[in-house]
Amino acid sequence: MSKIAFNPSRRQWLRGDTGAKRLPIRPPWSVAESAFIQDCSRCGDCIQHCPEAILIKGSGGFPEVDFQLGECTFCGDCVASCAAAVFNPVDTDPWSHKVAINERCITRQQVVCRSCIEQCEPEAITLTMQPGGVGIPVLSSDLCNGCGACIAVCPTQAISVQRAAYPDLNHPLPSHSTATRPQETDN
Ligand code: SF4
Ligand code: SF4
Ligand code: SF4
């Protein structure tokens, strides 16, 4: 597939996201956004090979995760299927995303719900009892691995992913360089 110039910043501007804070969630182990956009051929192989079917063709035809479709099991099939240099090694951390639970959680209206807690394998969400009320879910960011299993099951869409920058381990700095790599600026 021939490459077409694609500018994520312009896309965000067109969506009214002038703060550029809503970059898509790329598959796990993705390189930094600018390198991903540069080298992904948009062939769709990762989308076809995801057993959880959570990868979709997003804006510009690039793959992104839709957690409303399910969770990432970190199986690595997306990485294995890809012929482009857009993934870091699978023996590194897949990403640093965490989720956040907002005030739409129905336990704030004294309605009992444990859906997110029941889905969370690392037990990153625990129930904290309120005096005279129902328990509310409390997230441990240290335990959350960003798998997204809690997102689609929430009846009020109170859980969202907090996207973190992707590392760029496939594009190491030259050995003679004394510079330190800047953090992903387009996050
Ligand atoms: S690691 Fe597995 S489940 Fe997660 S996006 Fe890739 S193929 Fe899908
Ligand atoms: S994203 Fe995964 S690990 Fe994090 S709270 Fe949700 S279910 Fe638990
Ligand atoms: S699933 Fe949603 S509504 Fe239910 S406890 Fe978790 S955050 Fe609250």
Side-chain angles (χ1 to χ4, degrees), residues 23-33 36 39-59 61-130 133-167 169-170:
L23 282 177
I25 307 295
R26 299 296 177 207
W29 293 285
S30 290
V31 296
E33 181 70 9
F36 192 94
D39 290 335
C40 171
S41 66
R42 291 172 274 186
C43 65
D45 283 353
C46 57
I47 297 171
Q48 295 300 322
H49 285 83
C50 175
E52 304 299 322
I54 61 169
L55 296 179
I56 61 168
K57 241 184 210 308
S59 186
F62 295 98
E64 59 184 63
V65 177
D66 183 350
F67 285 120
Q68 290 301 330
L69 300 175
E71 70 183 284
C72 178
T73 61
F74 304 108
C75 66
D77 287 1
C78 49
V79 180
S81 71
C82 179
V86 296
F87 290 107
N88 292 310
V90 293
D91 59 358
T92 60
D93 287 341
W95 56 33
S96 302
H97 309 327
K98 311 287 179 185
V99 299
I101 304 172
N102 67 33
E103 66 283 353
R104 285 202 298 268
C105 172
I106 53 175
T107 64
R108 307 291 176 107
Q109 277 79 53
Q110 307 299 314
V111 177
V112 173
C113 180
R114 293 172 176 234
S115 296
C116 55
I117 295 171
E118 288 164 2
Q119 289 298 316
C120 182
E121 209 167 287
E123 300 183 352
I125 310 176
T126 51
L127 201 65
T128 297
M129 296 309 293
Q130 301 299 295
V134 303
I136 63 168
V138 175
L139 177 81
S140 165
S141 289
D142 288 343
L143 294 176
C144 175
N145 60 19
C147 70
C150 54
I151 293 176
V153 298
C154 175
T156 54
Q157 297 191 312
I159 306 179
S160 59
V161 179
Q162 308 298 294
R163 186 187 188 280
Y166 290 79
L169 307 179
N170 273 341

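The chain is numbered in sequence order, starting from 1. The shown structure was predicted, so the numbers you read here are calculated from the model rather than taken from an experiment. Atoms within each ligand, like the ligands themselves, are counted from 1 in listed order.
Expressed to the nearest 0.5 Å, how far NZ of Lys98 lies from OG of Ser140 amounts to 8.0 Å. For the atom pair Ile159 CD1 and Ile101 CD1, the distance stands at 5.0 Å (nearest 0.5 Å). Of the inter-residue distances, the one linking Gln157 atom CD with Cys105 atom SG reads 13.5 Å to the nearest 0.5 angstrom. One finds the CD1 atom of Ile151 at 11.0 Å from the SG atom of Cys116 (value rounded to the nearest 0.5 Å). Atoms OG and CZ, on Ser30 and Phe36 in that order, are 4.5 Å from each other to the nearest 0.5 Å. Between atom CD1 of residue Ile25 and atom SG of residue Cys72 there is a gap of 11.0 Å, rounded to the nearest 0.5 Å.
Within the listing of ligand 3, atoms 7 (S) sit less than 4.0 angstrom from a heavy atom of Ile101. Remark: ligand 2 atoms within the under-4.0 Å shell around heavy atoms of Pro122 are 3 (S). Listed by number with element, the atoms of ligand 1 under 4.0 Å from a non-hydrogen atom of Pro51 are 7 (S). Residue Ile106 approaches ligand 3 through these ligand atoms, each under 4.0 Å from one of its heavy atoms: 3 (S). Against a heavy-atom cut-off of under 4.0 Å, Thr156 is close to the following atoms of ligand 3: 3 (S). Within ligand 1, the atoms closer than 4.0 Å to a non-hydrogen atom of Glu52 are 3 (S), numbered from 1 in the order shown. Those atoms of ligand 2 that come under 4.0 Å of a heavy atom in Cys150, given as number and element, are 1 (S), 5 (S), 6 (Fe), 7 (S). Atom numbering of ligand 3 starts at 1 in the shown order; those under 4.0 Å from a heavy atom of Ser115 are 1 (S). Taking every non-hydrogen atom of Gly148 and a distance limit under 4.0 Å, the qualifying atoms of ligand 2 come out as 1 (S), 2 (Fe). Within the listing of ligand 3, atoms 5 (S), 8 (Fe) sit less than 4.0 angstrom from a heavy atom of Pro137. Listed by number with element, the atoms of ligand 2 under 4.0 angstrom from any heavy atom of Cys120 are 3 (S), 5 (S), 7 (S), 8 (Fe).
The shortest heavy-atom distance from Cys46 to ligand 1 is not under 4.0 Å. Pro27 does not count as a contact of ligand 1, since none of its heavy atoms falls under 4.0 Å from the ligand.
Taking both residues in full, the closest heavy atoms of Ala85 and Asp39 are given as O-OD2, 3.9 Å, listed atom of the first, atom of the second, then distance. The shortest heavy-atom contact between Cys46 and Leu55 is O-CD1, 3.5 Å.
The nearest heavy-atom contact from the protein to atom 6 (Fe) of ligand 1 is Cys78 SG, 2.3 Å. Scanning all protein heavy atoms for the shortest distance to atom 5 (S) of ligand 3 gives Cys113 O, 3.4 Å. For atom 1 (S) of ligand 3, the nearest non-hydrogen atom of the protein is Cys116 N, 3.4 Å. The single protein non-hydrogen atom nearest to atom 3 (S) of ligand 2 is Asn145 OD1, 3.3 Å, given as residue, atom name and distance. Among protein heavy atoms, atom 2 (Fe) of ligand 1 sits closest to Cys75 SG, 2.2 Å. Closest to atom 4 (Fe) of ligand 1, if we only count protein heavy atoms, is Cys72 SG, 2.4 Å.
With a 4.0 Å heavy-atom cut-off, ligand 2 is reached by the side chain of Ile125 but not by its N, CA, C or O. Residue Leu139 touches ligand 2 through its side chain alone, judged by heavy-atom distances below 4.0 Å.
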Handout entry: side-chain hydrogen bond (donor to acceptor under 3.5 Å, both in side chains) evaluation trace for Ser160 with Gln162
Key = CA-CA 6 Å; Ser160 59; Gln162 308 298 294; 3.1 Å; yes
Exercise for the section: Evaluate side-chain contact (heavy atoms from CB on, under 4.5 Å) for Gln130 paired with Thr128, printing each intermediate quantity in order. Expected result: CA-CA 6 Å; Gln130 301 299 295; Thr128 297; 3.8 Å; yes
Exercise for the section: Kindly indicate, with the supporting measurements, whether the criterion side-chain contact (heavy atoms from CB on, under 4.5 Å) is fulfilled by Ile125 and Leu139. Expected result: CA-CA 4 Å; Ile125 310 176; Leu139 177 81; 3.9 Å; yes
Practice task
For Trp95 and Arg26, run side-chain contact (heavy atoms from CB on, under 4.5 Å): C-alpha distance rounded to whole Å, both residues' side-chain angles, the deciding distance at 0.1 Å, then the answer.
Solution key: CA-CA 9 Å; Trp95 56 33; Arg26 299 296 177 207; over 6 Å; no
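Cys105 lies apart from atom 4 (Fe) of ligand 3 in this respect, since none of its N, O or S atoms is found at a distance under 2.8 Å.
Heavy atoms from other residues, nucleotides or ligands lying under 6.0 Å from CD of Glu121 number 12 at most.
Between Phe74 and Asn145, some side-chain heavy-atom pair lies under the 4.5 Å cut-off.
Closest heavy-atom approach to atom 8 (Fe) of ligand 1 among the candidates Cys50, Cys147, Ser30: Cys50.
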